[in-house]
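One structure below.
Proteins get letters first, then strands, A, B, ... in listed order; numbering begins at 1 in each.
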Protein chains: 2
Amino acid sequence: MITIREVAERAQTSIATVSRVLNNLDGYSEQTKVKVLKAAEELGYESNAIARSMIIKKTNTIGVVFPNISSMITYEFLNGIEDVTYKNDFSVIVSYTYSQPERMMKALRTLYEKRVDGIIFTSDEVTDDYLNYLEKIDIPVVFLSTKSEKSTIPYVKVNDFAAAFDAVDYLIKNEHTNIGLIAGNPDDTIAGIPRIEGYKAALKKAGLPVREEFIRYGYDFSFNDGKSRFEDLINENPDITAVFAVSDEMASGAITAAHQMGIDIPGQISIMGYDNTMISEVAYPALTTLAQPLRKMGSEAVKLLIKMIKGDQFKEEVVLDHSVIERQSVKKRNKSES
Amino acid sequence: MITIREVAERAQTSIATVSRVLNNLDGYSEQTKVKVLKAAEELGYESNAIARSMIIKKTNTIGVVFPNISSMITYEFLNGIEDVTYKNDFSVIVSYTYSQPERMMKALRTLYEKRVDGIIFTSDEVTDDYLNYLEKIDIPVVFLSTKSEKSTIPYVKVNDFAAAFDAVDYLIKNEHTNIGLIAGNPDDTIAGIPRIEGYKAALKKAGLPVREEFIRYGYDFSFNDGKSRFEDLINENPDITAVFAVSDEMASGAITAAHQMGIDIPGQISIMGYDNTMISEVAYPALTTLAQPLRKMGSEAVKLLIKMIKGDQFKEEVVLDHSVIERQSVKKRNKSES
DNA sequence: GATATTAGGTTAAACGTTTACGTAAATGTA
DNA sequence: TACATTTACGTAAACGTTTAACCTAATATC
């Protein structure tokens with residue numbers, strides 16, 4: 001492997017000068033610059049980021065940890081992240097942790113060993129163990145689509161409560177009163193509880209009763225989860241006319257179940273999803289859904305992280321806007337608005 | 001940041017001994033081992049992989065480059081990759097290149113600068129520029145779902161020709177004779193041409209004519225691509241009874257188009273996909289498709305790469321099995337087989 | 001003409017490890 | 001007892017950079 005030393009030799013100068021030329025600093029004549037560049041070119045020199053990192057104490061690398069969330073969410077996040085890491089000359093190390101604590105801890109430890117400049121922690125519940133470790137290693141961290149009350153680590157999220165509220169509100173505005181909920185795990189403080197509470201709040205605000213039997217709790221936001229919850233929900237509550245599923249995958253599962261049960265969507269029952277991933281377009285009928293700006297969330301998270309890496313110490317919280325995307329899975333009976 | 005030196009000081013020994021203890025080598029007494037471990041623990045020492053890499057010349061990191069292929073394919077590949085990198089204590093740097101040459105070259109250069117131990121190059125056409133660079137830097141590389149005739153770099157793939165052949169053969173066995181093809185880009189030597197040729201070969205073998213007007217060429221294997229190709233294809237050829245789309249996303253687009261055109265799937269037209277990503281389950285009717293073992297492809301690729309990194313120089317090619325997954329989008333009229 | 005400044009370099013230390021080599025003490029062997 | 005071997009360390013070099021500190025000659029300033 002060819003080093004700065006060999007370049008210096010060939011250019012008949014010192015390694016310090018070579019370093020300066022290569023880093024566009026000053027302190028050399030045009031003549032030596034040319035000699036150095038020529039020598040580097042001829043030798044096919046490529047700088048060694050490891051050696052460089054060793055002394056500047058920056059790796060220009062960030063780490064991203066994902067639990068086992070939906071493929072499409074992961075993809076959108078990652079694309080948003082790469083959009084800005086690319087522009088800022090950062091590399092990204094990704095780890096899937098499948099929400100397993102040992103795997104998560106190992107991932108964090110490895111990221112620290114490799115001296116990443118910052119970490120994006122996505123979508124997973126933040127346990128005390130994680131938090132303690134993150135605080136101990138003391139490198140910039142931002143939470144993406146999660147947060148922790150116990151720390152001042154900044155986050156990028158949508159407001160899950162408000163988003164669920166708006167989704168249900170949209171159904172109510174379209175004259176639905178018997179609205180079922182296919183929820184996340186009721187122990188999940190991030191994507192579980194807030195959406196359940198948003199659902200309840202929307203009903204209450206409209207003066208509708210909150211009926212526990214209209215709520216089914218899922219576990220992993222998956223297609224199959226949504227499918228079986230839907231069957232169960234509708235079999236036991238034939239009077240439901242709309243259901244809000246807290247992920248697009250669940251909503252797609254519900255649609256497939258409906259097809260199999262001979263239920264017309266949206267003729268008999270309207271279904272609303274959450275996320276606005278690609279799946280909502282592929283489903284038939286196409287899913288009306290509550291959109292999170294996933295890609296933007298990814299890019300905002302890195303922007304924030306890079307700011308922190310560059311030294312800005314003030315810590316912001318970013319709450320991005322959500323919106324309802326109307327497609328074909330909800331019957332529109334909205335009389336009051338345009 | 002706390003170093004081996006400080007640990008040595010606190011344990012009243014030398015840095016060499018500390019290093020030996022921490023790396024489980026021998027050459028120290030039980031007593032000093034305890035002292036060192038205790039000191040390290042108390043100081044919260046965590047080793048610095050950068051400094052380590054500097055001298056051992058290994059980073060335990062690999063790079064993976066993705067073009068802009070389907071989110072679900074990317075996800076499956078990455079999961080397969082992580083399954084085995086995790087077990088082997090490697091980290092993975094991922095770069096999305098969106099098939100842009102400058103971005104690709106920059107990604108490769110960065111990976112080399114950061115001295116990754118190996119590279120997995122996925123799904124993209126291998127240009128001479130890429131190949132030259134890969135050969136120049138001389139680190140282990142494996143191609144995943146792509147290959148190059150011009151080099152001996154090993155690859156992990158399915159046989160696209162045979163897979164497409166089998167898909168079309170399946171349609172023929174189910175008594176379809178007028179079979180349309182929604183193909184990839186006819187300039188794409190990886191996922192384009194071989195699948196087109198497989199389609200043609202299956203027809204020929206069955207004594208069916210190859211009719212150019214039954215073939216539509218897409219560009220990016222996307223949902224919208226499949227949707228508009230299908231509309232076009234069926235409008236101009238009402239006698240078609242089955243269509244093979246060379247990606248699940250395209251096939252889903254075709255299904256959606258069919259719904260909008262009032263065509264019953266599979267009653268009037270059967271549709272077959274390719275990939276067996278999650279989308280094929282979500283589509284309605286669920287897609288009968290040609291399955292690639294995506295996750296396994298990812299894990300086999302890293303296994304091979306790690307073998308090469310560890311020093312095995314013989315280069316294997318891995319061609320994994322494909323299969324037809326029967327769901328509901330193809331009308332079964334198979335009289336001859338069970 | 002004397003001094004200060006600048007341009008254009010060089011030398012060497014530093015980053016945090018691993019490891020080859022040296023050596024003194026402990027242990028084994030004849 | 002004498003010698004050989006092994007154990008348990010310590011010292012220092014090395015990895016490939018960046019950069020502070022230093023140097024010299026040329027130019028500018030008065």
Side-chain angles (χ1 to χ4, degrees), chain A residues 1-37 39-40 43-61 89 109-110 112-117 137 139, chain B residues 1-40 43-61 89 109-117 137 139:
Chain A
M1 199 189 27
I2 122 100
T3 75
I4 215 181
R5 183 155 275 112
E6 303 171 53
V7 175
E9 212 161 295
R10 174 177 266 253
Q12 309 210 82
T13 179
S14 70
I15 59 167
T17 299
V18 172
S19 176
R20 280 191 286 252
V21 171
L22 263 23
N23 289 294
N24 269 314
L25 305 177
D26 44 25
Y28 48 84
S29 65
E30 184 61 24
Q31 198 188 19
T32 46
K33 175 179 175 181
V34 170
K35 275 198 303 182
V36 167
L37 259 22
L43 292 170
Y45 171 79
E46 306 234 17
S47 76
N48 183 326
I50 297 292
R52 177 157 213 273
S53 291
M54 172 106 246
I55 103 117
I56 68 171
K57 290 171 174 320
K58 289 267 166 258
T59 52
N60 267 36
T61 302
D89 288 309
R109 215 180 306 273
T110 301
Y112 181 59
E113 277 188 2
K114 298 204 170 154
R115 295 301 189 266
V116 294
D117 296 334
I137 63 180
I139 63 181
Chain B
M1 199 189 26
I2 123 98
T3 76
I4 216 183
R5 184 154 273 113
E6 303 170 53
V7 176
E9 211 161 296
R10 174 177 266 251
Q12 309 211 80
T13 180
S14 70
I15 58 168
T17 299
V18 172
S19 176
R20 280 189 285 250
V21 172
L22 264 21
N23 289 295
N24 267 315
L25 305 177
D26 43 28
Y28 48 85
S29 65
E30 184 61 24
Q31 198 189 20
T32 46
K33 176 179 174 180
V34 170
K35 275 198 306 183
V36 168
L37 258 24
K38 183 156 166 286
L43 292 171
Y45 171 80
E46 306 234 16
S47 75
N48 183 327
I50 297 291
R52 178 157 212 272
S53 292
M54 172 106 248
I55 104 116
I56 68 171
K57 291 172 174 316
K58 289 267 166 259
T59 52
N60 267 36
T61 302
D89 289 309
R109 216 180 305 273
T110 302
L111 290 175
Y112 181 59
E113 276 188 4
K114 299 204 169 153
R115 294 303 188 264
V116 293
D117 297 334
I137 63 181
I139 63 181

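- Comparing B:Arg115 and B:Lys33 by the nucleotide of DNA chain D that holds the closest heavy atom to each, the one mapping nearer the 5' end is B:Lys33.
- Residue B:Ser53 is classed as having no contact, given no heavy-atom separation below 4.0 Å to the nucleic acid.
- Among pairs with a residue in residues 6-21 of chain A, those fulfilling salt bridge (Lys or Arg N to Asp or Glu O under 4.0 Å) read A:Arg10-A:Glu42, at least two apart in sequence or across chains.
- B:Ile15 comes within 4.0 angstrom of a nucleotide base, judged by non-hydrogen atoms across all strands.
- Bracketed by its first and final contacts, the part of DNA chain D lying under 4.0 Å from non-hydrogen atoms of chain A reaches from D:dG16 to D:dT19 in 5' to 3' order.
- Rounded to an integer number of Å, the gap from CG of B:Leu25 to P of C:dT19 is 7 Å.
- Checking side-chain atoms of A:Asp89 against main-chain N and O of A:Asn60 turns up no donor-acceptor pair under 3.5 Å.
- Note that the OG1 atom of B:Thr3 and the CG atom of B:Leu43 stand 9.5 Å from one another [nearest 0.5 Å].
- Here A:Tyr28 contributes atom OH and A:Thr32 contributes atom OG1; the two are 8.0 Å apart, rounded to the nearest 0.5 Å.
- Heavy atoms of A:Ser29 sit under 4.0 angstrom from primed sugar atoms or phosphate atoms, though from no base atom.
- Contacts of B:Asn23 with the nucleic acid, taken as non-hydrogen atoms under 4.0 Å apart, involve only primed sugar atoms and P, OP1 or OP2.
- Looking only at atom types and distance, the side chain of B:Lys114 has no donor-acceptor partner in the side chain of B:Thr61 under 3.5 Å away.
- Across all strands shown, A:Thr3 has heavy atoms under 4.0 Å from sugar-phosphate atoms exclusively, and none from any base.
- Of the possible polar contacts, one joining the B:Ser53 side chain to the B:Lys58 backbone as a donor-acceptor pair under 3.5 Å is found.
- Protein atom CD of A:Glu9 is 15 Å distant from nucleotide atom C1' of C:dT10, rounded to whole Å.
- OP1 or OP2 of C:dT10 sits under 4.0 Å from a side-chain N or O of A:Thr17.
- Judged by closest nucleotide on DNA chain D, B:Lys57 is the one of A:Ala16 and B:Lys57 placed further toward the 5' end.
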